[in-house]
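Following: one structure in structure tokens, then a few remarks.
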2 protein chains.
Amino acid sequence: MSITERRHRERAQRHDLIIAAARNLAEAEGWDAVTTRRLAEIVEYSQPVLYSHFDGKDAIVRAVAIEGFVELAAAMQHARSQGGAPAAALRAVCGAYIAFAAARPALYQAMFALPVDVKFASAETPPPLQAAFAELVGVLRPFDAQPDQLAEVTWAALHGLAVLCRGGRIPPQGEDARIDLLVNRIIVGGTGAGR
Amino acid sequence: MSITERRHRERAQRHDLIIAAARNLAEAEGWDAVTTRRLAEIVEYSQPVLYSHFDGKDAIVRAVAIEGFVELAAAMQHARSQGGAPAAALRAVCGAYIAFAAARPALYQAMFALPVDVKFASAETPPPLQAAFAELVGVLRPFDAQPDQLAEVTWAALHGLAVLCRGGRIPPQGEDARIDLLVNRIIVGGTGAGR
DNA sequence: ACACTAAATCTAGCACTGATATATTTTCTG
DNA sequence: CAGAAAATATATCAGTGCTAGATTTAGTGT
């Protein structure tokens with residue numbers, strides 16, 4: 001059965017190759033340029049083979065999005081482990097979030113704009129996304145007795161900053177100051193964990 | 001020249017009819033259902049007439065978005081004029097923003113997701129959007145010496161709440177509590193206008 | 001009132017999209 | 001080595017935004 005194993009391995013490789021192709025193409029030319037035909041051309045197979053790997057184009061985008069959640073969770077965890085004091089850690093995590101969104105706009109777009117069926121706190125929530133959210137909850141715990149709710153609002157604020165800045169709605173140069181402002185409001189306005 | 005005048009009037013009516021058709025169709029079936037052919041069918045003209053009114057589909061969406069900005073500005077202004085104390089007014093404006101986004105999801109999507117070229121603080125910013133932003137700046141002035149920056153962050157937070165809630169990322173039932181939390185953090189964490 | 005110009009509108013079509021049914025090749029099995 | 005089965009490719013479908021050319025409609029000059 002070694003030959004069938006090899007074929008299975010090659011199929012798995014091609015699976016990953018399709019995801020990588022979609023991600024690279026989106027990052028280079030935007031998601032509009034990601035068509036099934038261009039993906040097939042990059043992978044050097046015919047177009048319909050994509051449908052033997054994925055249920056459709058949306059499934060490919062969703063696979064890219066999950067890769068993004070993994071990396072975002074890692075970036076937030078890394079930022080948290082670096083900063084020492086609670087306030088510094090919070091600032092680092094927020095900064096890492098914004099930096100991630102700015103550095104990989106197409107990836108971030110796949111995670112939050114394109115698919116409509118990935119929730120935060122649900123049974124079918126992708127584990128990486130749960131991990132990223134938990135990271136934010138953890139770093140917010142010192143500042144509120146209800147860190148879950150605070151994490152939702154903070155995530156919303158970070159997401160808003162990221163998307164408005166990327167869309168050009170908000171000038172990019174003030175982004176650091178806005179993060180400082182956001183973090184300050186979280187810190188000083190808190191009810192404290194012991195309340 | 002009365003006949004040409006009538007034709008001009010009819011053209012203007014058709015212009016508005018196209019925008020209304022796009023908006024209604026998007027609100028009823030989502031923006032994916034808004035195609036040039038379906039719009040032409042609704043307006044009961046051939047498809048290419050759309051291109052004598054607009055530069056393309058994006059221009060139609062942008063026209064809908066600008067209608068949205070007008071109504072959002074009005075809603076925020078109304079909310080501000082109702083509330084008395086600064087804190088109550090702020091809460092009312094934030095609530096009105098979220099309510100607007102929740103009540104007209106497709107319209108809100110046109111305003112913030114689809115077109116990529118509408119800025120907040122720029123020369124070519126649509127006046128209604130400037131007005132809406134100014135409304136937020138005004139209601140935030142009692143709470144910070146730099147209301148512009150605070151308004152950017154607040155808008156980002158509101159936008160994030162709206163879009164995450166709509167996307168199902170965040171459970172809808174806690175939205176009011178999240179607004180309360182956001183407003184509280186803005187109020188108590190402020191540096192004050194006179195500092 | 002009629003021919004003629006110009007504007008408005010429509011028909012037909014292009015290149016492209018995501019997706020699928022069918023044909024063809026390749027691989028495994030008896 | 002023949003036949004079954006899996007994997008891949010060709011050809012095609014309906015639908016998209018958009019546009020060139022034909023056609024109808026309206027306004028003008030005589």
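So you know, we letter chains A, B, ... as the sequences are listed, proteins then strands, and number each from 1.
In this structure, Asp16(B) has no salt bridge (Lys or Arg N to Asp or Glu O under 4.0 Å) partners at least two apart in sequence or on a different chain. For the salt bridge (Lys or Arg N to Asp or Glu O under 4.0 Å) test, residues two or more places apart in sequence or in another chain that qualify with Arg80(B) are Glu135(B). Qualifying ring-ring contact (aromatic ring centres under 6.0 Å, His included) partners for Phe100(A), counting only residues two or more places apart in sequence or in other chains: none.
Separating the CD atom of Glu41(A) from the P atom of dA9(D) is a distance of 14 Å, rounded to the nearest angstrom. Rounded to an integer number of Å, the gap from CZ of Phe54(A) to P of dA19(C) is 13 Å. What separates CH2 of Trp31(A) from P of dT17(C) is a distance of 15 Å, to the nearest Å. When rounded to the nearest whole Å, the span between CD of Glu44(A) and P of dA7(D) equals 21 Å. Look at NE2 on His15(A): it is 16 Å from P on dA7(D), rounded to the nearest Å. Atom CZ of Arg11(B) and atom P of dA8(C) are 6 Å apart (whole Å).
DNA chain C lies under 4.0 Å from no heavy atom of any residue of residues 17-26 of chain A.
Distances shown here put every side-chain N or O of Arg14(B) at or beyond 4.0 Å from the OP1 or OP2 atom of dA8(C).
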_Protein within reach of the bases, or only the backbone? For nucleotides 14-25 of chain D, mark each nucleotide 5' to 3' as B, S or -, using heavy atoms under 4.0 Å._
--BBBB------
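Between Glu152(B) and Arg169(A) there is no salt bridge, since none of the side-chain N atoms of the basic residue sits less than 4.0 Å from a carboxylate O of the acidic one. Between Arg23(A) and Glu67(A) a salt bridge is recorded (basic side-chain N to carboxylate O distance below 4.0 Å). With respect to Glu175(A) and Arg178(A), a salt bridge is recorded, a charged nitrogen being found less than 4.0 Å from a carboxylate O.
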Which pairs of donor and acceptor atoms, one on a side chain in residues 81-97 of chain B, lie under 3.5 Å apart (sequence neighbours left out)?
from: Ser81(B); atom 1: OG; to: His78(B); atom 2: O; distance (Å): 2.8
from: Arg91(B); atom 1: NE; to: Asp180(B); atom 2: OD1; distance (Å): 2.6
from: Arg91(B); atom 1: NH2; to: Asp180(B); atom 2: OD1; distance (Å): 3.1
from: Tyr97(B); atom 1: OH; to: Tyr108(B); atom 2: OH; distance (Å): 2.6
from: Tyr97(B); atom 1: OH; to: Trp155(B); atom 2: NE1; distance (Å): 3.0

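Looking at heavy atoms from C-beta onward, Ile18(B) lies out of side-chain contact with Ile42(B) at the 4.5 angstrom threshold.
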